[in-house]
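Here is the structure we will look at, set down as structure tokens.
We use all heavy atoms of the structure for the numbers below, so side chains are in, but hydrogens, waters and symmetry mates are not. Convention: sequence-line order gives letters A, B, ...; per-chain numbering from 1.
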Protein chains: 2
Amino acid sequence: MEIQPGQLVSEKEIASVLNSSKTPVREALIRLEDVGLVAVVPKSGTYVTPIRIDSYIEGCFIRLQLEIGAVRRAASRRGIESCHQQLDSILEQQAIAWNAEDYVRFATLDEQLHEAFFTAAGLDGVWHFHQKTQADVNRVRHLKRINGIRRGLQVLEAHNAIVSAIKAGDVQASEEALVAHIGSLESEIERLAQNPGLLAFIENQDSSMTRKLPSRRSSWSTRTQQT
Amino acid sequence: MEIQPGQLVSEKEIASVLNSSKTPVREALIRLEDVGLVAVVPKSGTYVTPIRIDSYIEGCFIRLQLEIGAVRRAASRRGIESCHQQLDSILEQQAIAWNAEDYVRFATLDEQLHEAFFTAAGLDGVWHFHQKTQADVNRVRHLKRINGIRRGLQVLEAHNAIVSAIKAGDVQASEEALVAHIGSLESEIERLAQNPGLLAFIENQDSSMTRKLPSRRSSWSTRTQQT
DNA sequence: AACCTCAAACTAACATACTAGTTGCGCATT
DNA sequence: AATGCGCAACTAGTATGTTAGTTTGAGGTT
């Protein structure tokens, strides 16, 4: 979030800053492109993408569907008391972080809790793929945080409800608590997109403030070609 | 599937076959590593991965959860008659392909149908991420097909049920039909793993037939380091 | 003043050369 | 014969040079 959307991210410049060559930088940029944080325009440049509302919505959808499945499995599994302890521990620390107004730590623990849902479900690998789809969701979350849009108490309460349902083995309740927690994120975005703190990062198609993402008027397929 | 698990996939060799340099080959291999089809072992080699049962299960989970959400949305959306037509068209062609015993085309249309669910749900981008998680699921499907494990009639019937529910706008029925279709894939794998046609491709930890995936006994973090 | 033209100065894409771990095999030691 | 050592031949990783589209802007034309 420190580089504005539309801004050029130069291979050469980064390489010189890191005292390395362009090659590893280039490979890192390919990975960033894969998760949608930058757009590589052939022979032109690599640019930071704006947050796309479509991508945000899709990220929310993926998150909701996968976490629904995760908490349901976590609730129906037996013999995972160590995971239950882990969940409790995170909950506790998160409450402390909130009271201490340490919002960065609060966010970190939030991530950890949701990851722990997948661990409890025995689906650790799913979390990693899940995260790759969350670039824009996470960018919005970051913007909300630094713009003072924080609802820690509701979050804590919702987390409590989810964890309680998991520990109680109540599959249906775990889903309901999760949906209550993150089911409305998706619809929030329209309102949020109006917030002046977020506006500059979100793709808007009106003519004002035209992004200088080059327009690709020539002959390249999605990716590379023979010599 | 033409290269056996454990086999070396050499950058240099591929580059010479393609009359190109190692660089673009290397970038392609990085992408294959991202979806889990190869494992890059630093300074040793890039090897085709065996199908991992964990990865298969996680892929099935992701597929089920995302498609549940997709068909539910597709069923609850209005004004997507063109999508309905598209679904019908694919169904029809798939029946033809089955009768013609054109199993490759049958599989292609299967993919297209499931992609069309996401299109009908207005979540096109989700499909692409979804596919990145399906490497091992797709490898198993391919192996099933070439080993004569084909259940076209059941598949066609299930597809019909799903599409009917979507067109009728019956959210609950669409989910149930989808779960009936792909909900049991996950549990199949244990039995399938015994099949001699699949055995050679699936990771098995017993000592016989030790994969020669090098054992990584030295000092590399997950990926790269400074000079 | 608005509009082309064209060339210089960018960029990513690609090719090639080099570095530095890894691995297996032959040979010496036991 | 079995075992340990060390060197040679791999490999991916990195650095750097080259190629070929893209973009910008200066200068000329209308």
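- One interatomic measurement links the two molecules: CD of Glu13(B) to P of dA9(D), which rounds to 19 Å at whole-angstrom precision.
- Salt-bridge annotation for Glu58(B) and Arg52(B): absent, with no side-chain N of the basic residue lying under 4.0 Å from a carboxylate O of the acidic one.
- Residue Glu11(A) contributes atom CD, which lies 16 Å from atom P of dC10(C) at whole-angstrom precision.
- Here dT23(C) presents its C1' atom at 12 Å from CG of Leu8(B), a figure rounded to the nearest Å.
- Side-chain nitrogen and oxygen atoms of Arg26(B) include at least one within less than 4.0 Å of the OP1 or OP2 phosphate oxygen of dG13(D).
- Distance Asn19(A) CG to dT14(D) P: 14 Å, rounded to the nearest Å.
- Comparing Thr23(B) and Val9(B) by the nucleotide of DNA chain D whose heavy atom lies nearest to each, the residue mapping closer to the 5' end is Val9(B).
- Judged purely by atom type and a 3.5 angstrom limit, Gln65(B) uses its side chain to pair as donor or acceptor with the backbone of Gln65(A).
- In terms of phosphate contacts, Ser10(B) brings no side-chain nitrogen or oxygen within less than 4.0 Å of OP1 or OP2 of dC10(D).
- There is a side-chain donor-acceptor pair under 3.5 Å between Arg139(A) and Thr49(A).
- Rounded to whole Å, the distance from NZ on Lys12(A) to P on dA15(D) is 16 Å.
- In summary, Arg151(B) and Glu188(B) engage in a salt bridge, as defined by a charged side-chain N under 4.0 Å from a carboxylate O.
- When rounded to the nearest whole Å, the span between NZ of Lys43(A) and P of dT18(D) equals 17 Å.
- Spacing between atom CG of Leu32(A) and atom C1' of dA12(C) amounts to 16 Å, rounded to whole angstrom units.
- The interatomic distance linking Lys22(B) (NZ) with dT14(D) (P) rounds to 12 Å, in whole Å.
- Considering only side-chain N and O atoms, Ser21(A) lies under 4.0 angstrom from the phosphate OP1 or OP2 of dA15(D).
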